[in-house]
Q: 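Once you've had a glance at the structure underneath, I'll fire off some questions.
These figures come from a predicted structure and were not determined experimentally. These values consider heavy atoms only, across backbone and side chains, with no hydrogens, waters or symmetry-generated copies. By convention in this document, chain letters (A, B, ...) are assigned in the order of the sequence lines, proteins followed by strands, and residues within each chain are numbered from 1.
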Number of protein chains: 2
Amino acid sequence: MELSPTAYVILGMISREPRSGYEIKALVDNTTRFFWAASYGQIYPQLKRLSEAGLVAGSDAPRGERKRTVYAITAEGRRELEDWLRQPPQTVEMREEGLLKLFFAGVLPPEEAAETLRSMHAYRRDIAARLRSMEPDAEEKLAQDDPFPLIVLQGGIEFNEWFADWCERMEARLLDPARRERSS
Amino acid sequence: MELSPTAYVILGMISREPRSGYEIKALVDNTTRFFWAASYGQIYPQLKRLSEAGLVAGSDAPRGERKRTVYAITAEGRRELEDWLRQPPQTVEMREEGLLKLFFAGVLPPEEAAETLRSMHAYRRDIAARLRSMEPDAEEKLAQDDPFPLIVLQGGIEFNEWFADWCERMEARLLDPARRERSS
DNA sequence: CTCCAGATATATCTGAGCGATATATTCTCG
DNA sequence: CGAGAATATATCGCTCAGATATATCTGGAG
């Protein structure tokens with residue numbers, strides 16, 4: 001049976017401790033969403049499929065009358081996850097509306113084009129700040145002998161700061177009067 | 001009528017000169033695909049919609065017996081494009097299977113985890129090289145008074161080189177014996 | 001003390017996107 | 001000269017996103 005990458009995200013999210021579908025989605029939204037999102041429309045059907053395939057085992061854990069299922073990875077599921085982790089990555093996909101607008105910005109006057117750079121700059125600074133606020137959680141995982149969430153998080157911080165800096169440099173370059181003379 | 005971002009990609013691709021559906025797709029694959037892909041499944045239906053909405057005008061331009069339609073942007077289409085370019089960007093989405101695997105790599109021994117970093121490193125170096133080979137084309141556009149394709153291209157080169165460098169630094173950090181001692 | 005909005009929790013459905021596939025014609029290279 | 005790749009248009013089936021639906025609990029405000 002062929003698993004989608006999001007099936008592996010689910011296996012990865014419960015590799016250290018069992019979790020419910022709702023908890024998995026919340027965890028994805030707080031961690032991997034920056035480089036791999038997953039929706040409710042995927043998580044619940046995939047949990048079902050993984051359960052039927054014996055890769056996870058669900059158990060009822062109601063709170064009061066609220067229905068709740070907690071899923072644990074099985075030995076077979078762990079093997080499947082490890083095999084997948086060993087394969088070279090295959091999917092890289094980016095959608096950046098800011099870069100798209102910048103690409104076509106020659107249609108506008110330079111002052112207006114610079115506005116796109118300012119929007120991207122603000123957005124990336126905001127993301128970097130949000131990622132920084134997650135550092136304590138990732139440092140906790142490091143203490144639990146798992147360095148990778150922190151490595152990836154710090155990479156995300158560095159990337160967003162690079163991107164914001166790049167936007168600043170490109171805005172300066174764009175509005176540089178000397179360069180404007182030459183491109184007029 | 002609400003247009004999808006890919007409709008604007010099409011408008012942008014013909015803002016400087018008229019093009020066929022096939023040419024638009026080829027151009028997207030060579031330029032914006034790194035930060036905004038578009039498929040045949042989108043381009044032809046969108047061209048139809050844009051034509052019906054009066055934002056583009058198609059004209060027959062067969063080569064021999066091969067059917068071919070060339071689309072030009074209309075004045076109304078240009079206004080629509082300019083309005084869209086002035087709005088702050090809204091969509092940012094990333095899917096990076098390498099970062100996803102790195103995030104969960106604690107499930108593997110460090111030597112195997114480093115393999116993911118090496119794969120990403122090789123991939124980003126390759127992308128940077130491919131983007132470099134496009135610089136002449138983008139410099140031609142600069143000569144035509146449009147600096148933005150080159151700005152975005154050079155940003156893409158810088159980003160991929162940063163990413164490759166980051167992979168190198170993280171691999172060194174991961175395999176550093178002193179750090180391994182401390183995390184054991 | 002009561003009520004409500006947000007949180008928790010599961011689940012699905014619809015619209016949009018992707019890319020494989022289909023069909024047709026032309027051109028280049030071995 | 002022929003075959004494969006390129007050019008050219010078009011669609012279909014599968015997958016994904018997230019809005020929506022339904023249900024229960026909790027904390028804070030009035």
Q: Rounded to the nearest Å, what distance is computed from the CD1 atom of residue B/Ile43 to the C1' atom of nucleotide D/dT9?
A: 12 Å
Q: Under 3.5 Å, is there a donor-acceptor pair between the side chain of B/Ser119 and the main chain of B/Glu115?
A: yes
Q: So, OP1 or OP2 of D/dA10: does either fall under 4.0 Å of a side-chain N or O from B/Tyr40?
A: no
Q: Figure out the CD/P separation between B/Glu23 and D/dT9, and round it to whole Å.
A: 8 Å
Q: By the 4.0 Å heavy-atom rule, please label A/Thr69 as base, sugar-phosphate, or nothing.
A: sugar-phosphate
Q: Let me know the distance between CD of B/Glu93 and C1' of C/dC18, rounded to the nearest Å.
A: 15 Å
Q: Over how many whole Å does the gap from A/Lys25 atom NZ to D/dG18 atom P extend?
A: 7 Å
Q: Take B/Arg95 and B/Gln42, find for each the nucleotide of DNA chain D with the closest heavy atom, and name the residue whose nucleotide sits nearer the 5' end.
A: B/Gln42
Q: Whole Å only: how far is the CD atom of B/Gln46 from the C1' atom of D/dT11?
A: 15 Å
Q: Between A/Glu96 and A/Arg124, does any side-chain N to carboxylate O distance fall below 4.0 Å?
A: yes
Q: Please report the distance, rounded to the nearest Å, between NZ in A/Lys48 and P in C/dA11.
A: 7 Å
Q: Between P on D/dC16 and CZ on A/Arg33, what's the gap in Å once rounded to a whole number?
A: 19 Å
Q: Considering heavy-atom distances to DNA chain C, does A/Gly41 or B/Arg63 have its closest nucleotide positioned more toward the 5' end?
A: A/Gly41
Q: According to a strict under-4.0 Å criterion, is A/Arg68 in side-chain N/O contact with OP1 or OP2 of C/dT8?
A: no
Q: On DNA chain D, nearest-nucleotide positions of A/Gly64 versus B/Pro45: which is more 5'?
A: B/Pro45
Q: Take the protein atom CG of A/Leu47 and the nucleotide atom C1' of C/dT12, then report the distance between them rounded to whole Å.
A: 15 Å
Q: Ignoring hydrogens and geometry, is there a side-chain-to-backbone donor-acceptor pair from B/Ser51 to B/Lys48 under 3.5 Å?
A: no
Q: Taking the six-membered ring for Trp, are B/Phe163 and B/Tyr123 closer than 6.0 Å centroid to centroid?
A: no
Q: Quick one: is D/dT9 close enough that its OP1 or OP2 comes under 4.0 Å of any side-chain N or O from B/Tyr22?
A: no
Q: Would you tell me whether B/Glu171 and B/His121 have side-chain atoms, one donor and one acceptor, within less than 3.5 Å of each other?
A: no
